[in-house]
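What you see is a predicted model, and the numbers here were worked out from it, not measured in a lab.
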Amino acid sequence: MSDYNHKEIEAKWQQRWEETGLYRQEVDWSRPKHYALTMLPYPSGDLHIGHWYAMTPSDARARYMRMKGYNVLFPMGFDAFGLPAENAAIKNNMDPKKWTYENIEKMRVQMRSMGAMFDWRREAVSSDPEYYRWTQWLFRRLYDLGLAYRTLAPVDFCPSCNTTLAREQVWGEDRHCERCGTPVIKKELEQWYFRITDYAEELLDFSTIEWPERVKTMQTNWIGRSEGATVVFKTETGDEMPIFTTRPDTLWGATFMVMAPEHPLVEKITSPEQRATVSAYQEAVSRLTEIDRESADREKTGVFSGGYAINPVNGARIPIWIADYVLMGYGTGAIMAVPAHDQRDFEFARKFGLEIVPVIHPEGAEPLSADTMTESYVGPGVMVNSGPIDGVPTSLEKGRKNPSIDATIDWLEANGAGEEGVSYRLRDWLISRQRYWGAPIPIIYCERDGIVPVPIDQLPVLLPDDVEFKPTGESPLKLRRDWYETTCPICGDPAVRETDTMDTFMCSSWYQYRYLSPHYDRGPFDPDEGAYWLPVDQYTGGIEHATMHLIYTRFFTKAMREMGLVEFAEPMLQLNNQGMVLGEDNEKMSKSRGNVVAPDDLVEKYGADTVRTYLMFFSRWEQGGPWNYDGIKGPQRLVQDTWTMAHADYRPAAVSDEATRLLRRKTHQTIRKVTEDFESFAFNTAVAAIMDLRNAILRAQDGGDVAPEAMKEAVDSLLLLLAPMAPHVTEELWARRGGPYSIHQQPWPAWDEAIAREEVVTLVVQVNGKVRDRIELPADVTEADARAAALASPAVSERLDGKSPRKVIYVPGRLVNIVL
RNA sequence: GGGGCGGUGGCGAAACGGCAGACGCAGCGGACUUAAAAUCCGCCGGGGGCAACUCCGUGUGGGUUCGAAUCCCACCCGCCCUACCA
């Protein structure tokens, strides 16, 4: 037996797998398919331990499914557009493309060291023109479906540099430009959006997918469905001013209105006397950070507009105020204020001396009085001062099934003053980025024809190379006149290109489709591949994408369904999230903390097999936890012991049936346990079970009284069970023991329930719930015998003291509890 | 403020409502060795006892149950997400 040399073995098998195409994944309609996908990395240039933690257990699961008989697709690629490349380029005066592709090359080498079963022929890189051609194509299809639109949106703008700024370019409390120090202003710019809100309702439906409750809850909260009513108020200038409320029943208590400072009607309703005040307020608000503006504990600010609106339920003339606690992005950007029954409105009314009219009489209490209230009342009661709904009970704080709300909506609909309505917190997806390193938005602006999409046959709109990264504040794309200036596809007149690029989340919203056929040039993916492989069966990745990527890709799939590209509505049927590997100090890993664990060094020292096994063993996968350099010794010993026992020249002196039966039982119990654990992503206990089998085999080899066939079964089974976790060393040992190539193509071992069954059970004997004795009984003992045996236990009879028990609980195979 | 996840030996963790601590790390004692590493054997939650054994113990306080780490209620602590959502 030679020593275990992980470097030699891992290099050897990685090369052999490559040469023999072991991990080529092809359509095969005669076999059931399994599309396993793990989130693709951003090419930062260094594969860190978090990547290993995400990818190697996913790989082991894919390998397990393969051994179970599935035709498994397990691809990999790179989410290669994005800001870091551009920042690195500006900093080092380097081409972002060069930076990105050098990083990709480096990471490919690192990923190969994992020994994962990625089929590299299916690799997709989102910054390749043959990839983003189809990103642009999908944009075009979304545009044609009316799901992409352009509208004004506020961005941070430096009036001195005359440019938009990214959030991280705005510095300090006073929000000044990072370059020139000028205070930035909010400016309305034309930006591209996707109408994800059209799918808000459908995105709330998780009935066809098995995703973690946590992710479903986060998405549900993110989408934020509220039920209520839309009510149209009329301003004195004659404009309609719709509002959304979850408490339409309190309409009779509305004593003023509040508009967001950015509301388009503000200009119109502001009176001449108030104009200067309102403008100053708008200006001040535009300088606040989002965080400042949206922090709830900040004191309310606002100004009177000078305008009035009419409450449609009672004709009351109420003042319209402007305040930034009302957000343009939610509902209609304007609210009715009911200070008696809404705390925010109450605080505002008290601060500015506005009228408060209670419309709910609390159950069994004194009527509310505007003069004595110290906070709003949101409890149950009976409606008062509310015309047609006086006397109707109100129970819940929000939502329907509240009699007073139902009655109000009926009244509103009957009188044409409003209707039942639903509002979502979800906003449309802003995809414009004032950035170079991204997929160009394939749009041309023509004086005559306006917004003109680039014709399909002219895609991709290539991102030009050799751009100048002068810090001028202009997009580098604008400086490339030969690229920026073009002609209108419709009229042929001179026109200009859109210089914004697409959010990289768009690239990653459909990559699972591109993997099927990364070089296909007649569509985003080859439908023949799609028909077989889609949708993704098993998706793995971090929880941090719960409300971003994981919503976007669901939206994309629904939109692709509208395009006729797919027939299903959900991209990934099952999702499992891994946790995070923390530093040894139990803190998030970071260079500044000096607690970063480098996988390359670990692979050098221990080998990929040991690193993989340790990552799967040290904690529950979805939980993660702190790294521990000592802990890796456990899996290291497992690998070493496996090496030793697989080489052992085992010749028993004399065979014992009992010892043989015990080892076989352990073997079959382990197969059962590891199989169940792989099914449920419980990798840590799977490794523990394999370690347990290892212990039994070593003991049996030492004892030398187990039949050779049982020993072979045990060792071969251990190799097969360990193969998904430690693919190289098990392959080597399998080959050395004369097994056919490859171990990864062997069927997953099956267990025999009869062999796995215990013949003797240890019954716990409790008296009043406390363990007093343990008795060994045959596994098939009858209830009567078990009860009798328990009562016969000395520990019981002693405590029973001649009396008969009040009750005896029998749990088969577990315990007998005697209650005195 | 809202929502989510978690709190079990020195450490990472196991445990269909049924023997708490599987498996591993560290530690301690011993064997081998000139020595160290590696390896092997034993011990390893706390208290009491020579021992058989016994009492206590899963963040805190209650509850349900024959029986609770597990279910319910309240609270404390930690982490994550979200944040004036009308």
Side-chain angles (χ1 to χ4, degrees), chain A residues 212-218 220-222 224-226 228 243-248 250 258 260 290-291 293-298 300 323-327 329-338 342-345 347-348 398 423-427 543-544 546-547 579-580 582 584 586-588 614 617-620 622-623 625-638 640-641 644 673 682 684-695 698 702 762-774 795 805-820:
Chain A
E213 282 307 317
R214 186 161 50 140
V215 174
K216 292 193 280 188
T217 305
M218 282 171 81
T220 302
N221 291 341
W222 185 259
R225 184 180 205 273
S226 296
I243 58 105
F244 173 78
T245 175
T246 54
R247 289 301 303 261
T250 62
V258 186
E290 304 285 324
I291 295 152
R293 169 152 178 196
E294 294 183 2
S295 75
D297 45 1
R298 188 175 138 250
K300 303 259 176 299
D324 67 355
Y325 79 91
V326 172
L327 308 172
Y330 182 75
T332 63
I335 61 160
M336 66 163 185
V338 184
D342 181 284
Q343 187 58 24
R344 293 156 305 183
D345 298 345
E347 286 167 22
F348 195 81
K398 283 182 180 179
S423 192
Y424 301 92
R425 228 185 59 139
L426 185 70
R427 315 287 167 82
I543 187 78
E544 66 274 15
T547 53
M580 211 192 312
L582 303 171
E584 283 207 289
N586 211 2
E587 300 284 342
K588 214 166 165 170
Y614 181 54
F617 174 68
F618 84 94
S619 177
R620 217 183 311 164
E622 67 270 24
Q623 185 180 301
W627 176 265
N628 182 289
Y629 283 99
D630 281 326
I632 198 172
K633 284 183 187 162
Q636 185 188 18
R637 286 173 188 146
L638 173 65
Q640 179 60 55
D641 289 342
T644 308
K673 173 70 176 155
N684 57 334
T685 48
V687 177
I690 293 172
M691 286 175 167
D692 218 18
L693 178 60
R694 174 267 316 260
N695 293 341
L698 287 179
D702 208 36
T762 305
L763 269 197
V764 169
V765 180
Q766 297 183 335
V767 177
N768 287 339
K770 283 199 187 285
V771 181
R772 294 302 176 188
D773 200 3
R774 296 176 178 86
R806 222 175 64 205
K807 198 174 180 185
V808 178
I809 313 270
Y810 173 63
V811 182
R814 295 266 180 199
L815 58 73
V816 179
N817 187 13
I818 291 146
V819 187
L820 300 183

Original post:
Does any N or O in the side chain of A/Arg694 come within less than 3.5 Å of the main-chain N or O of A/Asp641, such that one atom is a donor and the other an acceptor?
Top reply: no
**OP:** Rounded to whole angstrom, note down the P distance from B/rC77 over to B/rG59.
**Re:** 16 Å
**OP:** Sequence neighbours left out, what passes ring pair (Phe, Tyr, Trp, His ring centres under 6.0 Å) with A/Phe348? Give chain and number order.
**Re:** A/Phe256, A/Trp321, A/Tyr325, A/Phe352
**OP:** Would you indicate what A/Phe244 reaches in the nucleic acid, counting non-hydrogen atoms under 4.0 angstrom: base, sugar-phosphate, or nothing?
**Re:** base
Original post:
Distance between the P atoms of B/rC75 and B/rG4, in whole angstroms?
Top reply: 14 Å
**OP:** Name the nucleic acid region contacted by A/Asp342, choosing base, sugar-phosphate or nothing; use a 4.0 angstrom heavy-atom cut-off, strictly under.
**Re:** nothing
Original post:
Taking a pair as Watson-Crick or G-U wobble with both distances under 3.5 Å, which nucleotide is matched to B/rU33?
Top reply: none
**OP:** For B/rA68 and B/rC56, measure between their P atoms and round to the nearest Å.
**Re:** 13 Å
**OP:** Measure from the side chain of A/Ser619, starting at C-beta and using heavy atoms only, and say which of B/rA13, B/rC5, B/rG67 lies closest.
**Re:** B/rA13
Original post:
Pick the nucleotide of RNA chain B nearest each of A/Thr762 and A/Trp222; which residue has the one closer to the 5' end?
Top reply: A/Thr762
Original post:
Which whole number of Å gives the distance between the P atom of B/rU60 and that of B/rC11?
Top reply: 15 Å
Original post:
So, is A/Gln623 close to the B/rA13 phosphate, meaning a side-chain N or O under 4.0 Å from OP1 or OP2?
Top reply: yes
Original post:
In the structure shown, which nucleotide is the Watson-Crick or G-U wobble counterpart of B/rC5, with both distances under 3.5 Å?
Top reply: B/rG78
Original post:
Glycosidic conformation of B/rG17, syn or anti, with 90° from 0 as the boundary?
Top reply: anti
Subject >> d(CD1, A/Ile818; P, B/rG67) in whole Å >> reply: 15 Å
Original post:
If each of A/Arg694 and A/Arg425 is mapped to the nucleotide of RNA chain B with the nearest heavy atom, which maps nearer the 5' terminus, i.e. the 5' end?
Top reply: A/Arg694
Subject >> Nearest listed nucleotide, side chain of A/Ala688, among B/rG67, B/rA22, B/rG12 >> reply: B/rA22
**OP:** To the nearest Å, give me how far apart NZ (A/Lys770) and C1' (B/rC55) are.
**Re:** 8 Å
Original post:
Taking any strand in view, what nucleotide pairs with B/rC50 in a Watson-Crick or G-U wobble way, both distances under 3.5 Å?
Top reply: none
Original post:
In whole angstrom, what separates A/Glu587's CD from B/rC80's C1'?
Top reply: 14 Å
Original post:
How close or far is atom P of B/rC85 from atom CD1 of A/Ile335, stated in whole angstroms?
Top reply: 10 Å
Subject >> A/Val819 side chain, from C-beta outward: closest of B/rC66, B/rG4, B/rA20 >> reply: B/rC66
Original post:
Would you say the side chain of A/Arg774 and the base of B/rC19 hold a donor-acceptor pair, judged only by whether the two atoms sit under 3.5 Å apart?
Top reply: yes
Original post:
Quick one: is B/rA86 close enough that its OP1 or OP2 comes under 4.0 Å of any side-chain N or O from A/Thr245?
Top reply: no
Protein-nucleotides 38-46 of chain B N/O pairs under 3.5 Å:
{"from": "B/rU39", "atom 1": "OP1", "to": "A/Arg637", "atom 2": "NE", "distance (Å)": "3.3"}

Subject >> Whole angstrom value for the distance that separates C1' of B/rA26 from CG of A/Asp630 >> reply: 7 Å
Original post:
Ignoring hydrogens and geometry, is there a side-chain-to-backbone donor-acceptor pair from A/Gln766 to A/Leu815 under 3.5 Å?
Top reply: no
**OP:** Tell me what A/Gly224 touches on the nucleic acid: a base, only sugar-phosphate, or nothing, going by heavy atoms under 4.0 Å.
**Re:** nothing
Original post:
Would you say a side-chain N or O of A/Asn695 is under 4.0 Å from OP1 or OP2 of B/rG24?
Top reply: yes
**OP:** Take atom P in B/rA74 and the same atom in B/rG21, then report the distance between them in whole Å.
**Re:** 32 Å
**OP:** May I ask you to test the A/Ile543-A/Arg214 pair for a side-chain heavy-atom distance under 4.5 Å?
**Re:** yes
Original post:
Can you find a heavy atom in the side chain of A/Glu587 that is under 4.5 Å from one in the side chain of A/Pro626?
Top reply: no
**OP:** Check whether the side chain of A/Arg427 and the base of B/rC85 form a donor-acceptor pair under 3.5 Å.
**Re:** yes
Subject >> Nucleotide B/rC85, atom C1' - distance to CG of A/Asn221 in whole Å >> reply: 12 Å
Original post:
Base, sugar-phosphate, or nothing for A/Asp345, non-hydrogen atoms under 4.0 angstrom?
Top reply: nothing
Original post:
Within a strict 4.5 Å, meaning less than it, do heavy atoms of the A/Thr246 and A/Phe244 side chains meet?
Top reply: yes
Original post:
Looking only at atom P, what distance separates B/rC5 and B/rC71, rounded to whole Å?
Top reply: 12 Å
Original post:
Are any non-hydrogen side-chain atoms of A/Asp342 and A/Ile335 less than 4.5 angstrom apart?
Top reply: no
Original post:
For A/Asn684 and B/rG24, what is the distance between atoms CG and C1' respectively, to the nearest whole Å?
Top reply: 11 Å
Original post:
Between B/rC5, B/rA86, B/rC19, which nucleotide has the shortest distance from any of its atoms to the side chain of A/Val764?
Top reply: B/rC19
**OP:** Would you mind classifying the nucleic acid contact of A/Arg620 as base, sugar-phosphate or nothing, using non-hydrogen atoms under 4.0 angstrom?
**Re:** sugar-phosphate
Original post:
How many angstroms lie between OG1 in A/Thr685 and CZ in A/Phe617, if you round to the nearest 0.5 Å?
Top reply: 10.0 Å
Subject >> Among B/rG4, B/rG67, B/rA86, the one nearest A/Thr217 by side-chain distance >> reply: B/rG4
Original post:
Roughly how far, to the nearest 0.5 Å, is CG of A/Leu693 from CG of A/Leu698?
Top reply: 9.5 Å
**OP:** Mind calculating the distance between CG (A/Leu815) and P (B/rC16) to the nearest angstrom?
**Re:** 15 Å
Original post:
In the strands shown, is B/rG24 matched to any nucleotide by a Watson-Crick or G-U wobble pair with both distances under 3.5 Å, and which?
Top reply: B/rC11
**OP:** Using a heavy-atom cut-off of under 4.0 Å over every strand shown, decide if A/Phe617 touches base, sugar-phosphate, or nothing.
**Re:** base
**OP:** Side-chain contact test, heavy atoms from C-beta onward, threshold under 4.5 Å: evaluate it for A/Val819 versus A/Val808 and give yes or no.
**Re:** no
Original post:
Can you check whether A/Ser226 has a side-chain N or O nearer than 4.0 Å to OP1 or OP2 of B/rA86?
Top reply: yes
**OP:** Just jot down the ring pair (Phe, Tyr, Trp, His ring centres under 6.0 Å) partners of A/Phe618, sequence neighbours excluded, or say none.
**Re:** A/Tyr53, A/Tyr614
Subject >> Atom C1', compared across B/rU8 and B/rC23: separation rounded to whole Å >> reply: 16 Å
**OP:** Please work out if A/Arg225 contacts a base, only the sugar-phosphate, or nothing of the nucleic acid, heavy-atom cut-off 4.0 Å.
**Re:** nothing
Original post:
Expressed as a whole number of Å, how far does the P atom of B/rC50 sit from that of B/rG57?
Top reply: 24 Å
